[in-house]
Protein chains: 2
Amino acid sequence: MFEEERKRSIVHFVEKHTRASVQELSQELGVSESTVRRDLKELEESRLLKRTHGGAVSLQSVNFEAAIPEKADRYLDEKQRIAHKAVEMIQDGDAILLDGGTTTLQIAKALRAFSNLKVITNSMIALNELKDCRNIEVSITGGLLRQDTLAFVGPMTERSLEMVRVDKAFLGTNGLDLREGITTPNMLEAATKRKMISVAKQVILLADHSKIGQVSFCKVADLREMDHCILDRETPEGFIRGLKGLDLDYTLV
Amino acid sequence: MFEEERKRSIVHFVEKHTRASVQELSQELGVSESTVRRDLKELEESRLLKRTHGGAVSLQSVNFEAAIPEKADRYLDEKQRIAHKAVEMIQDGDAILLDGGTTTLQIAKALRAFSNLKVITNSMIALNELKDCRNIEVSITGGLLRQDTLAFVGPMTERSLEMVRVDKAFLGTNGLDLREGITTPNMLEAATKRKMISVAKQVILLADHSKIGQVSFCKVADLREMDHCILDRETPEGFIRGLKGLDLDYTLV
DNA sequence: TTATTTGTGATTGTTTCTGCTCACTTGTGA
DNA sequence: TCACAAGTGAGCAGAAACAATCACAAATAA
């Protein structure tokens, strides 16, 4: 790797993570810490980043981090398995819709591998993940920013969604119950999800077992409106029997 | 193989792989490293690639990444003064529209001081700046992400904008000319700006002196459609006379 | 043909890059 | 506030890459 390329990688790394330690960079790039320091010094001189004691930070950091840090995310492992299955269902050339939430975020992280994809989402975090993928066309729904989830909701979101038709929509949820169907605590969010369902050829619901049996304030849809559900293998027996009873397509991962 | 052919091969190789070492090229073309170096030197002089220690890299990849940060820094001081003036024009309770670009970004940075404000923008960078201000209600227009400017454009953006009416819109531009009016290089962007103008009670144009006299590919609007212009004090005399001639309201900062 | 120019490869001294060491500075927690 | 760990910069040395030069061969011109 040339010096030029290395420096560009550093800037890119710092932009992406908003920060980077000398150690990290040294390992990441396979060069000594001396070299990293030299590079950082020059990059700072050309105003491409700001040095700090121990590393560097991005100058104009556009970085939308989840309110819940990934490590603290409960059921992360389940979510990743669910996302992995979801990605298997996507084909190159698809137009897909990603709902907000931490489960769908895991999908976004895995999308880089595709070479031709249209993605539309209402999640700032998912967008952040995809913003530098040159081979993915990313759109966002407009709307009002919910500052706790960094997702957009509201009439503008619905209006934006009216303009698109997608092959597959991947929906997250707060509650999932055989009788009450899919529910979430927020009215605007529920309306947004309903609209998402209506613009997708195929709707795929993602939920780890902690969501099952939960019923929240606002109803989004009945279970039968889903085309497929991806659940984890700790899903209670009873719920699975219920799904079979509804003749609903599902996968356990 | 003639020298010309060889040089073209080199450029082609570098473009294709985004990089090439002297060794690689020497082997690939069956000539000595001396020759490769000579060629690279001349190719760099004719600006067909960029030399590095050990080889060369494609120009495209260089420009891509340098685009944002480099642009951000030029005329920063002017932009801050312009933004400062713009912020003075905003009142608590206003609904304002922020265009994308680095000048309007400076406005976003200064908005934290307000206690009650509705902001709508198509700029991911501005959104980033405002996302954790609890006293500001931030909305974003939907749309397709332009990965180089991190702004949203396109039909979805326009559709979102149709849903709002704002007190003041703050517009940036690439080109500003007495005869040709306001112009930008991107068609979608131009359409977005036009829509912005149509939903605002008052349109305020922001431009540092580097924009003046510039004419880009797509026309956004005539100068007379602006309600106010904020320019810096290095704006050429002739341009200011022109503004007066048009009876246009302006401020120099 | 002969003289001259041009392009190329080899050689050589010089420059640049990189990792290491070590003395010094900075940040942190007791 | 002090001590200690972590991070830093300067200098050095080896390796790699480089520019300059020369020599030779092929193309061109006389």
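Throughout, a chain's letter reflects where its sequence line sits, starting with A, and its residues are numbered from 1.
Atom CD in Q23(A) sits roughly 14 Å away from atom C1' in dT8(D) (whole-Å rounding). If you measure from atom CG of D39(B) to atom P of dT6(C), you get 17 Å, rounded to the nearest angstrom. If you measure from atom CZ of F2(B) to atom P of dA26(D), you get 15 Å, rounded to the nearest angstrom.
At least one test fails for R146(B) against the ring of F152(B): distance under 6.0 Å to the centre or angle within 45° of the axis.
Nearest-nucleotide mapping onto DNA chain D: of T52(A) and R38(A), the residue sitting toward the 5' end is T52(A). Toward the 5′ end of DNA chain C lies the nearest nucleotide of G30(A), the other residue of the pair G30(A) and H53(A) mapping further downstream.
Here the side chains of T235(A) and L252(A) are in contact, with some heavy-atom distance below 4.5 Å. Residues I96(B) and K118(B) form no side-chain contact, since every pair of their non-hydrogen atoms from C-beta on lies 4.5 Å or further apart.
Residue K50(A) qualifies as open at atom NZ: its count of foreign heavy atoms under 6.0 Å is 12 or below.
Counting only heavy atoms from C-beta on, S34(A) has its side chain closest to dG19(C) among dG9(C), dG19(C), dA17(D). Comparing dT18(C), dG9(D), dG9(C) by their nearest atom to the side chain of R51(A) picks out dG9(D). Closest to the side chain of R37(A), out of dG9(C), dG7(D), dA19(D), is dG7(D).
For the OP1/OP2 pair of dG7(C) and a distance below 4.0 Å, the side-chain nitrogens and oxygens of R6(B) include no atom meeting the criterion.
Residue-level contact check: E3(A) touches the backbone only, with heavy atoms under 4.0 Å from sugar-phosphate atoms and none from bases.
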